[in-house]
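Written out below as structure tokens is the structure these notes cover.
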Amino acid sequence: MLQEMLKDTVRTKTYQNVIYQNKFLFKNKVVLDVGAGTGILSLFCAKAGAEHVYAVECSHMADMAKEIVEANGYSNVVTVLKGKIEEIELPVAKVDIIISEWMGYFLLFENMLNSVLYARDKWLVDGGVVLPDKASLHLTAIEDADYKEDKIEFWNNVYGFDMSCIKKQAIMEPLVDTVDQNQIATNCQLLKTMDISKMAPGDASFTVPFKLVAERDDYIHALVAYFDVSFTKCHKLMGFSTGPRSRATHWKQTVLYLEDVLTICEGEAIVGSMAVAPNKKNPRDVDIMLKYSLNGRRCNVSRVQYYKMR
């Protein structure tokens with residue numbers, strides 16, 4: 001997983017470009033790296049001229065990060081602190097910049113957003129910069145007959161036996177996978193934008209409407225969610241998308257299978273709403289409620305479905 005993240009060139013190169021191409025942001029500044037992992041972002045910041053970088057990592061990776069920092073001769077600039085952001089002490093009262101790669105699958109699954117917001121409220125100087133500062137969630141709809149048949153309808157008849165109770169379970173669990181852009185049958189809609197520099201922790205729970213309009217006659221088997229991230233404080237707007245039409249990342253896309261197959265004609269719309277919230281028992285999990293309806297020439301459906309990312 002670690003190698004997968006570092007080799008995710010879209011992710012790592014974007015951060016690298018943001019830092020190296022905006023050295024004016026970092027010069028002589030104090031930076032806090034939340035969830036530093038190997039310390040790669042901290043090293044980028046140090047190389048770009050930061051006065052000091054505090055790299056906070058709660059897992060055993062912190063020990064590795066310390067070694068990596070030393071091996072690369074940056075011990076005087078980068079201090080690795082092992083522990084949870086909510087529990088550690090920083091040797092400074094304020095920092096100028098908070099940088100983090102906090103995004104999870106579906107943006108919010110097992111994410112570290114709350115840690116970033118906690119750090120922001122506790123340590124970020126007035127007028128300080130959060131990188132990235134914008135994240136947005138998007139939705140589209142796809143034709144996916146082959147996979148649905150293979151992974152979900154399979155349970156209807158397993159060597160002659162009805163195991164459809166497992167099918168219900170399979171549909172409830174969103175699938176993280178790469179979607180071929182040719183499967184997309186509707187427009188893509190922006191569901192929610194989050195401004196990391198201003199938002200409150202509760203803003204990661206939301207209910208939003210959507211309307212997906214068919215761009216061709218097709219069958220819809222699933223809705224697909226993905227996210228975009230932007231760094232708006234750069235000299236020039238920078239960021240990346242995890243959508244099916246962009247270069248692949250380790251986040252892939254999140255596929256929500258529908259109980260119905262929707263027969264949709266060009267110009268018709270799937271309308272509905274999506275409610276997203278952290279699970280009450282385990283806040284790192286995400287509960288999704290999807291309401292959708294289609295009143296089309298060949299298909300009339302109205303339904304509510306619940307999903308759980310865990």
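Quantities reported herein were computed from a predicted structural model and do not represent experimental measurements.
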* Asked: Does the pair Lys13 and Arg11 meet the rule for a side chain to side chain contact (heavy atoms under 4.5 Å, CB included), with working shown?
  -> CA-CA 6 Å; Lys13 276 303 270 184; Arg11 159 197 181 268; over 6 Å; no
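- Smallest separation of non-hydrogen atoms from Arg310 and Asp285: CB-OD2, 3.4 Å.
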* To do: Evaluate the side chain to side chain donor-acceptor pair (under 3.5 Å) criterion for residues Gln305 and Tyr292: first the C-alpha distance (whole Å), next the side-chain angles of each, then the deciding distance (0.1 Å), finally the verdict.
  => CA-CA 9 Å; Gln305 279 182 242; Tyr292 60 91; 2.7 Å; yes
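- Side-chain contact between Ile196 and Val116 is present, with at least one heavy-atom pair separated by less than 4.5 Å.
- Looking at heavy atoms from C-beta onward, His235 lies out of side-chain contact with Leu25 at the 4.5 angstrom threshold.
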* To do: Dump the intermediate steps for side chain to side chain donor-acceptor pair (under 3.5 Å) on Ser164 and Asn156, then the final yes or no.
  => CA-CA 5 Å; Ser164 54; Asn156 291 335; 4.9 Å; no
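- The side-chain hydrogen bond (donor to acceptor under 3.5 Å, both in side chains) search around Glu268 returns none, not counting sequence neighbours.
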Name each donor-acceptor pair under 3.5 Å that joins a side chain in residues 204-214 to protein atoms two or more places apart or in another chain, with its distance.
none

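- A centroid separation of 6.0 Å or more is found between the aromatic rings of Phe161 and Trp155.
- Here NZ of Lys167 is found 11.5 Å from SG of Cys165. Values are rounded to the nearest 0.5 Å.
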* To do: Take Asp217 and Ile264, measure what side chain to side chain contact (heavy atoms under 4.5 Å, CB included) needs, and give me the verdict at the end.
  => CA-CA 6 Å; Asp217 293 0; Ile264 202 166; over 6 Å; no
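- Residues Val34 and Ile98 form a side-chain contact, since some pair of their non-hydrogen atoms from C-beta on lies under 4.5 Å apart.
- Ala50 approaches Val77 most closely through the heavy-atom pair O-CG1, 3.6 Å.
- Side-chain contact between Tyr226 and Pro244 is present, with heavy atoms from C-beta onward closer than 4.5 Å.
- Lys47 NZ: 12 or fewer foreign heavy atoms inside a 6.0 Å radius.
- A distance of 9.0 Å separates CG of Asp177 from NZ of Lys151, quoted to the nearest 0.5 Å.
- From Leu258, atom CG reaches atom CG of Leu294 across 10.5 Å, with rounding to the nearest 0.5 Å.
- A pairwise comparison of heavy atoms in Phe227 and Leu107 identifies CD2-N, 3.5 Å as the closest pair.
- Nearest approach of Ala141 to Leu223, heavy atoms of both residues: CB-CD2, 3.6 Å.
- Side-chain contact between Val276 and Leu108 is present, with at least one heavy-atom pair separated by less than 4.5 Å.
- Between the Tyr15 side chain and the Val10 main chain, no donor and acceptor come within less than 3.5 Å of each other.
- At a cut-off of 3.5 Å, with distance as the only test, no side-chain donor of Asp180 or Gln183 sits close to an acceptor on the other residue.
- With hydrogens and angles ignored, the 3.5 Å screen pairs a side-chain donor or acceptor of Arg120 with a backbone N or O of Met199.
- For the ring pair (Phe, Tyr, Trp, His ring centres under 6.0 Å) condition, no pair includes a residue of residues 102-136, sequence neighbours left out.
- Across all non-hydrogen atoms, the minimal contact from Ser241 to Thr249 is O-CG2, 4.2 Å.
- The salt bridge (Lys or Arg N to Asp or Glu O under 4.0 Å) contacts involving residues 245-267 comprise Glu259-Arg303, Asp260-Arg303, where partners must be two or more places apart or lie in separate chains.
- Within the 4.5 Å cutoff, the side chain of Lys308 has no heavy atoms near those of the Asn282 side chain.
- Looking at Leu139 and Val224, their side chains never come closer than 4.5 Å, going by heavy atoms from C-beta outward.
- In the hydrophobic clustering of ILVMFWY residues, with side-chain heavy atoms under 4.5 Å counting as a link, Phe231 and Tyr20 come out together.
- The local environment of CZ in Phe24 is crowded, with over 12 non-hydrogen atoms from other residues, nucleotides or ligands closer than 6.0 Å.
- The OG atom of Ser136 lies 5.5 Å from the CG atom of Leu190; values are rounded to the nearest 0.5 Å.
- Shown here is Lys82, whose NZ atom has more than 12 heavy atoms of other residues, nucleotides or ligands within 6.0 Å.
- In terms of heavy atoms, Thr242 sits closest to Gln253 at O-NE2, 2.9 Å.
- Under 4.0 Å is where a charged nitrogen must lie from a carboxylate oxygen, and between Glu51 and Lys29 no such pair does.
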* To do: Test side chain to side chain contact (heavy atoms under 4.5 Å, CB included) on Leu32 and Ile99 and set out the steps.
  => CA-CA 6 Å; Leu32 174 59; Ile99 194 162; over 6 Å; no
Which pairs would a plain distance check flag for residues 85-97, meaning a side-chain donor or acceptor within less than 3.5 Å of a matching protein atom at least two apart in sequence or in another chain?
residue, atom, partner, partner atom, Å
Glu86, OE2, Ser115, OG, 3.1
Lys94, NZ, Lys122, O, 3.3
Asp96, OD2, Val30, N, 2.8

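- Rounding to the nearest 0.5 Å places CD1 of Ile220 at 8.0 Å from OG1 of Thr140.
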* To do: Take Asp144 and His221 through the test side chain to side chain donor-acceptor pair (under 3.5 Å) and record every step on the way to the result.
  => CA-CA 6 Å; Asp144 201 17; His221 298 89; over 6 Å; no
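- Hydrophobic cluster membership differs between Tyr147 and Val261, with clusters built from Ile, Leu, Val, Met, Phe, Trp and Tyr side chains linked at under 4.5 angstrom.
- Of the possible donor and acceptor atoms, none in the side chain of Ser42 sits under 3.5 Å from a partner among the backbone N and O of Val78.
- Placement of Val179 and Tyr219 in two distinct hydrophobic clusters is found when ILVMFWY residues are connected by side-chain heavy-atom separations under 4.5 Å, directly or transitively.
- Atom SG of Cys45 and atom CD of Gln16 lie 11.5 Å apart (nearest 0.5 Å).
- Using a 4.5 Å cut-off between side-chain heavy atoms of Ile, Leu, Val, Met, Phe, Trp and Tyr, with links allowed through other members, Ile184 and Val271 fall into different hydrophobic clusters.
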* To do: Take Ser59 and Glu57, measure what side chain to side chain donor-acceptor pair (under 3.5 Å) needs, and give me the verdict at the end.
  => CA-CA 6 Å; Ser59 78; Glu57 173 57 49; 2.8 Å; yes
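- Checking side-chain atoms of Asp203 against main-chain N and O of Ala200 turns up a donor-acceptor pair under 3.5 Å.
- No donor-acceptor contact under 3.5 angstrom links the side chains of Asp133 and Ser197, judged on distance only.
- No more than 12 heavy-atom neighbours from other residues, nucleotides or ligands sit within 6.0 angstrom of CZ on Arg298.
- In this structure, Thr12 has no side-chain hydrogen bond (donor to acceptor under 3.5 Å, both in side chains) partners at least two apart in sequence or on a different chain.
- Taken together through direct or relayed side-chain contacts under 4.5 Å among Ile, Leu, Val, Met, Phe, Trp and Tyr, Tyr306 and Ile288 form parts of separate hydrophobic clusters.
- Taking the charged nitrogens against the carboxylate oxygens, Lys198 and Asp195 do have a contact shorter than 4.0 Å, which makes a salt bridge.
- Side chains of Asn22 and Met238 form a contact here, defined as non-hydrogen atoms less than 4.5 Å apart.
- Within 6.0 Å of CE on Met64 lie no more than 12 heavy atoms contributed by other residues, nucleotides or ligands.
- The closest donor-acceptor contact from the side chain of Tyr307 to the backbone of Tyr257 lies under 3.5 Å.
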